[in-house]
Amino acid sequence: TILFLMKRFILCSIFILSVSISAYSQSVGYEMRTNDKSYIAITYKGIELRHRTDDLENRFTYRHNFWKETSKLYLSVPLHYKIEKNKPTLEPRLLYKFPKFKLWIQKEFWYNANENGAIAIDYPYKDFTYRVGWDTSNTFRFRLKYKF
C-alpha cells in the first residue's frame with residue numbers, strides 16, 4: 001500500500017506539474033491507443049514531456065527537424081528518454097506535407113533493441129491537430145492536440 005500511495009503521489013505531482021507547465025507550453029495533447037494505453041503530452045520549443053496515464057511511465061523528448069521550412073518531405077529526429085526504464089531511444093520520422101494533412105512513418109530503436117514502427121496522418125484544423133495511425137504492435141492510435 002505504500003507503493004500504491006507513492007504511485008498516486010507521483011501521479012498527482014506530475015498532473016500538477018503538467019498543468020503549471022501548460023501555461024507556458026506551445027501545445028497540449030492527448031493520445032489513446034487500442035492497446036489500452038493513453039498519453040498526455042506537453043510540448044515547448046522542440047521539448048516534450050509525455051506521461052502514460054494508465055501506468056507510471058514518463059518520457060522526455062528533444063526533437064530536431066531537418067529541411068522542414070524548405071521542403072515538403074522532411075526528417076524529424078527525436079531523442080526520447082524513458083525515465084522509469086532509464087532507456088533512451090531514437091524515433092526518426094519521415095514526413096510528407098500534403099496541402100491539407102501530413103503523412104508520416106517512423107521507426108523506434110536503440111543500439112540494442114528493435115522497437116515498433118508506425119504510420120499516421122496528422123490533420124490540422126485551426127488550433128487543433130487530429131491524428132489517426134497504426135503501429136507494428138497492431139495498435140491504432142488517435143490523438144488530439146491543441147496548439148496555443
Side-chain angles (χ1 to χ4, degrees), residues 7 10-148:
K7 282 185 177 183
I10 291 171
L11 194 62
C12 289
S13 299
I14 289 170
F15 177 74
I16 291 168
L17 178 65
S18 66
V19 169
S20 62
I21 289 174
S22 68
Y24 300 103
S25 68
Q26 289 179 316
S27 67
V28 175
Y30 176 75
E31 182 173 315
M32 62 182 185
R33 299 182 182 180
T34 57
N35 62 356
D36 294 328
K37 294 180 181 179
S38 60
Y39 301 89
I40 296 173
I42 297 167
T43 307
Y44 182 74
K45 294 185 179 181
I47 298 173
E48 179 178 88
L49 177 62
R50 189 171 85 169
H51 172 70
R52 192 168 127 188
T53 59
D54 64 321
D55 197 5
L56 184 61
E57 181 182 298
N58 298 288
R59 179 183 284 188
F60 175 78
T61 301
Y62 172 73
R63 177 182 311 272
H64 186 76
N65 296 317
F66 297 92
W67 314 294
K68 184 176 181 178
E69 289 77 24
T70 60
S71 176
K72 288 185 177 189
L73 181 66
Y74 68 97
L75 179 65
S76 179
V77 181
L79 176 61
H80 299 298
Y81 181 69
K82 297 176 182 179
I83 297 168
E84 288 75 22
K85 295 180 180 178
N86 192 23
K87 180 181 179 184
T89 60
L90 285 171
E91 269 185 42
R93 181 181 292 179
L94 193 59
L95 297 100
Y96 188 83
K97 294 185 275 187
F98 288 93
K100 295 191 179 202
F101 65 92
K102 291 180 189 175
L103 174 66
W104 57 261
I105 186 166
Q106 75 181 23
K107 179 66 176 152
E108 181 179 8
F109 65 92
W110 195 237
Y111 71 95
N112 62 351
N114 187 10
E115 303 286 341
N116 288 329
I119 186 167
I121 292 174
D122 285 346
Y123 177 75
Y125 181 74
K126 297 187 179 180
D127 293 334
F128 293 93
T129 300
Y130 304 92
R131 174 177 293 162
V132 176
W134 175 84
D135 69 40
T136 55
S137 69
N138 290 325
T139 300
F140 288 94
R141 53 179 73 189
F142 307 94
R143 181 177 178 180
L144 176 63
K145 181 171 80 171
Y146 177 74
K147 186 175 182 178
F148 296 99

With a 3.5 Å cut-off and sequence neighbours excluded, list the donor-acceptor pairs that the side chains of residues 140-148 form with protein atoms.
unit_1 : atom_1 : unit_2 : atom_2 : d
Arg141 : NH2    : Asp135 : OD2    : 3.0

To the nearest 0.5 Å, atom OH of Tyr125 lies from atom CG of Asp127 at 11.0 Å
Subject >> Derivation of the side-chain contact (heavy atoms from CB on, under 4.5 Å) call for Ile47 and Phe60 >> reply: CA-CA 7 Å; Ile47 298 173; Phe60 175 78; 3.4 Å; yes
Residues passing the side chain to side chain donor-acceptor pair (under 3.5 Å) test with Lys37, sequence neighbours excluded, are none
Chi angles and distances behind the side-chain contact (heavy atoms from CB on, under 4.5 Å) call for Trp104, Gln106:
CA-CA 7 Å; Trp104 57 261; Gln106 75 181 23; 3.5 Å; yes
Ion pair Glu84/Lys82, N-O distance below 4.0 Å | no
Taking it one step at a time, do Trp67 and Lys72 satisfy side-chain contact (heavy atoms from CB on, under 4.5 Å)? CA-CA 8 Å; Trp67 314 294; Lys72 288 185 177 189; over 6 Å; no
For Leu90 and Leu79, the nearest pair of non-hydrogen atoms, with its separation, is CD2-CD1, 3.9 Å
Donor on one side chain, acceptor on other, Asn114 and Lys107, under 3.5 Å: yes
Phe101 meets the side chain to side chain contact (heavy atoms under 4.5 Å, CB included) criterion, sequence neighbours left out, with Phe98, Leu103, Ile121, Tyr123
Report the C-alpha separation of Tyr39 and Arg59 in whole Å, then their side-chain angles, then the decisive distance to 0.1 Å, and conclude whether the side-chain contact (heavy atoms from CB on, under 4.5 Å) test is met. CA-CA 10 Å; Tyr39 301 89; Arg59 179 183 284 188; over 6 Å; no
d(Asn65 CG, Leu95 CG) to nearest 0.5 Å is 7.5 Å
